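Notes follow once the structure below has been shown.
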Amino acid sequence: MKNHAERAEAFHTLHVKGAPLILYNIWDPGSAKAVAAAGAKALATGSLPVAMAHGSADGEKMPMDLALANFARIAQSVDLPVTLDFEGAYSTDPDIGATNIVKAIEAGAVGVNFEDQIIGGTGFQSIEDQSARIAAARAAIDGTGIRGFINARTDLFLKAMMAKEPHTSDMLAEAIQRASAYADAGADGFFAPGLQDIAMIEQLCAEVSLPVNIIALPGTPANADLAKVGVARISYGPVPYRQMTAWLTEQAKAVFDGIA
């Protein structure tokens, strides 16, 4: 059994351009054990499924202490690296956010997803502000002695997708600019959820020094195609939870319909 520091180091080595780490997102110890038993090399929570499984909504509506307590139970239930989807670290203040991320590391996380959208508001943190938040998180994590993985997330593409707006070359250029700044600030990976155009993904992977993370939402190219263009990490976000709850509803409905 590896200790926390060893799991964190192992998690870094799993990010290889062209041979992506697959993260089939989980939300509690039971789902963690199920995915681990399927052969996962590492695990990752998703903020939406964790929140929904606890009767809350996404967007830091779930109390942070509850999110961290749930994560600690997950990390203790498996002998795998587990990373936490921590949204905006529950603060726009760099120092408070960094303190909260250290709490996640202390709960057993080998890393965090850290978003640049304004949680509970509109728009995005400026590149300068988000870089300052990442730099503060980097310094704080390094002080723990654990090599925590900061997966710097930009929501440029996801917000456009949700608004049914096209992904443009200007948007891609801004994402590349953000990735460069986030790398300089101490990020270990770059997460671009919502990006599905294979040519844009290939350009992003080619021009960004960090390992690139793409989310396998419906309509995203196949994992093998993502690997070919240099993606280093593929996560599934809310998809497993939504498929599980749809299956559960269907099975329950069949039972109830059968006795009606």
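Worth saying up front: this structure is predicted, and the values here are computed from it rather than measured. In what follows, every heavy atom counts, from backbone to side chain, and hydrogens, waters and symmetry copies are set aside. Position 1 is the first residue of the sequence; numbering continues from there.
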Is the side chain of [X] donor-acceptor paired with the backbone N or O of [Y] at a distance under 3.5 Å, no angle test?
X    : Y    : answer
T144 : I146 : yes
K33  : S77  : no
S56  : M52  : no

Distance-minimising heavy-atom pair for P193 and D155
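Of all heavy-atom pairs spanning P193 and D155, the closest is CG-OD1, 4.3 Å.
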
Exercise answer: donor-acceptor pairs, residues 95-111 side-chain atoms, under 3.5 Å, sequence neighbours excluded:
residue	atom	partner	partner atom	Å
T99	OG1	D95	O	3.0
N100	ND2	A89	O	2.9
N100	ND2	I96	O	3.4

Carboxylate-amine/guanidinium contact D116 R153, below 4.0 Å:
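Between R153 and D116 there is no salt bridge, as every charged N stays at least 4.0 Å from the carboxylate O atoms.
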
R133/D129 salt bridge by N-O under 4.0 Å criterion:
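No salt bridge links D129 with R133.
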
Member of T45, D58, N25, D28 meeting the side-chain contact (heavy atoms from CB on, under 4.5 Å) criterion with V50:
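When T45, D58, N25, D28 are each tested with V50, the side-chain contact (heavy atoms from CB on, under 4.5 Å) holds only for T45.
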
Which one of K159, E115, Q130 satisfies the side-chain contact (heavy atoms from CB on, under 4.5 Å) criterion with F124?
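Answer after filtering K159, E115, Q130: K159.
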
Can you label the angle between the H15 ring and the F11 ring as parallel, tilted or perpendicular, going by 30° and 60°?
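Judged by the thresholds at 30° and 60°, the geometry between H15 and F11 is perpendicular.
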
Plane angle bin for H12 and F149 - parallel if under 30°, tilted between 30 and 60°, otherwise perpendicular:
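Answer is tilted, since the angle falls between 30° and 60°.
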
Taking atom types as modelled, find out whether R73 and Q76 have a side-chain donor-acceptor pair closer than 3.5 angstrom.
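No donor-acceptor contact under 3.5 Å links the two side chains.
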
Determine whether the side chains of T83 and N151 contain a donor N or O and an acceptor N or O closer than 3.5 Å.
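Not at all, the side chains of T83 and N151 share no donor-acceptor pair under 3.5 Å.
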
If Ile, Leu, Val, Met, Phe, Trp and Tyr residues are connected whenever their side-chain heavy atoms lie under 4.5 Å apart, and connections chain through other members, are V212 and F114 in the same group?
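Looking at the clustering, F114 is in the same group as V212.
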
